[in-house]
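Atoms within each ligand, like the ligands themselves, are counted from 1 in listed order.
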Amino acid sequence: MTAESTTRSPQLARARQTAMYQRASQSLPGGTNSNFRAWGDATIYVDRGKGGDVWDIDGNRYVDLRMGYGPVILGHNDERVDDYVNERMRLGVSFSLTSEDEVRAIELLKELNPWVGKARMTVSGTEATMHAMRVARAYTGRNKIVKFEGQYHGVHDYALISVLPNDMNTLGDADNPVGLAWGRGIPEAVANTIVPARYNNLDLLRRLFEQQGEDIAAIIVEPVLGNAQGIMPKPGFHQAMRALTEEFGILLIFDEVKTGFRFAKGGAAEYFGITPDIATYAKAMGNGYPAAAFGGRDEVMSVLPDKVSHGGTYAGNRVAASAAVKTLEILRDTDALDTIRQTGEAIQVGIRGRLDAKGLAYQLTGHPSMFGIMFTETVASEYRDWAATDHALYDAIAVGMHARGAMPEPDSREPWFMCEAHGKGDTVDRVVSIFGDSLDAALEARVRG
Ligand SMILES: Cc1ncc(COP(=O)(O)O)c(C=O)c1O
């Protein structure tokens, strides 16, 4: 499918996907393996990806702006990584013994994040944040963890507090936020160990530290608010938060699952010039293979292996470890991250042109490698601000983009993810023109009511 130049809403072929949805729904809840992929009868079933593009099983082709929610940093089916993984996996995949690939992967992680003393691999970002929290609790002997509203740290019980409600009232009073469990099945006792805070709000953070500091082991933070279009920290926010944590003897966990090896080779820690105590990595670490890790200062990580439980049959499996080795070598040795940033910037220039021509109030949020579009006059500084944006307009544009051959997440909270392969060919022009046509169509539909 090529970019349409009319504002009429094109129809995508869906016959095979509709049949697959019906079939899959008999066996998988929602017809998918993740709640986040279950889009009802609009659920997409993928055939393949190559570079920055993805094809569904009806043969529709899209510029992929989701990139699997961020991991595919180089591009789908990257031969450099895939060939290496294939070569290594022929030696055997799972031994519950340690291979040199694992050692090499962590050595590279440390080379790119020089403040990390020791790290261990996990299979998912969820496991990484779970273990990071446990290490922090073990090291400090304290139970509570502070987390920011709207931030997503995976699907374990401790992470699913005050994540992504649509109704901001459920988060409680702005001065006194409440912990809101996302879904049933999270024990109250677990939920009560998580203290909700508000991103970019240092006054509230200081108050929480003053009131409960002696029980607080750590604060976990996505350095940018990745699940609200990458809302950026206010100038000095991270520095002030780092100083506060030091004042109260609280550990700082940077959840770099989205930002790691993306914002800079050394992730958001390098980008913002912050040295956390612990960090979690996943996504870009393995170009889509299930590589993840948590690591930290030597002293903090010294609770392992004797004092804290960590394991995992698949932790450091050969597929993930070799994917991490090759991906991290490429990110270290090439200018891939510069290409990604420049590609994001080029798309942003094009989008600005289309939006400025309409005279709409908007903000581009995040980093060019991972950015969002918010329809609002004011710069958002925390999750609650998302509610006041015209997200209905964004959603209409996103749906229109799918129909025209580009696939952002159809939820205005999720940023667009750039990969190295988006820098090739006419991808930038395609995205800008598809965005412009979808914007026109969404605005015309509004006028028509
Ligand atoms: C910041 C952050 N932390 C943790 C996770 C969980 O990672 P995973 O989906 O690999 O379990 C995610 C996933 O999107 C994330 O964005």
At what distance, to the nearest 0.5 angstrom, does CG of Leu28 lie from CZ of Arg23? 10.0 Å
So, using side chain to side chain contact (heavy atoms under 4.5 Å, CB included) as the criterion, who are the partners of Ser34 when residues are at least two apart? Phe36, Arg37
Is the shortest side-chain heavy-atom distance between Val163 and Asn227 below 4.5 Å? no
Sequence-distant partners of Val93, side chain to side chain contact (heavy atoms under 4.5 Å, CB included), two or more places apart: Met89, Asn317, Val319
Hey, could you give me each pair passing salt bridge (Lys or Arg N to Asp or Glu O under 4.0 Å) that has a residue in residues 284-293? Not counting sequence neighbours. none
Quickly, which of Ile161, Ile220, Ile145 forms a side chain to side chain contact (heavy atoms under 4.5 Å, CB included) with His153? Name it, please. Ile220
Mind checking what residues have non-hydrogen atoms under 4.0 angstrom from ligand 1? Ser124, Gly125, Thr126, Tyr152, His153, Gly154, Glu222, Asp255, Val257, Lys258, Lys283
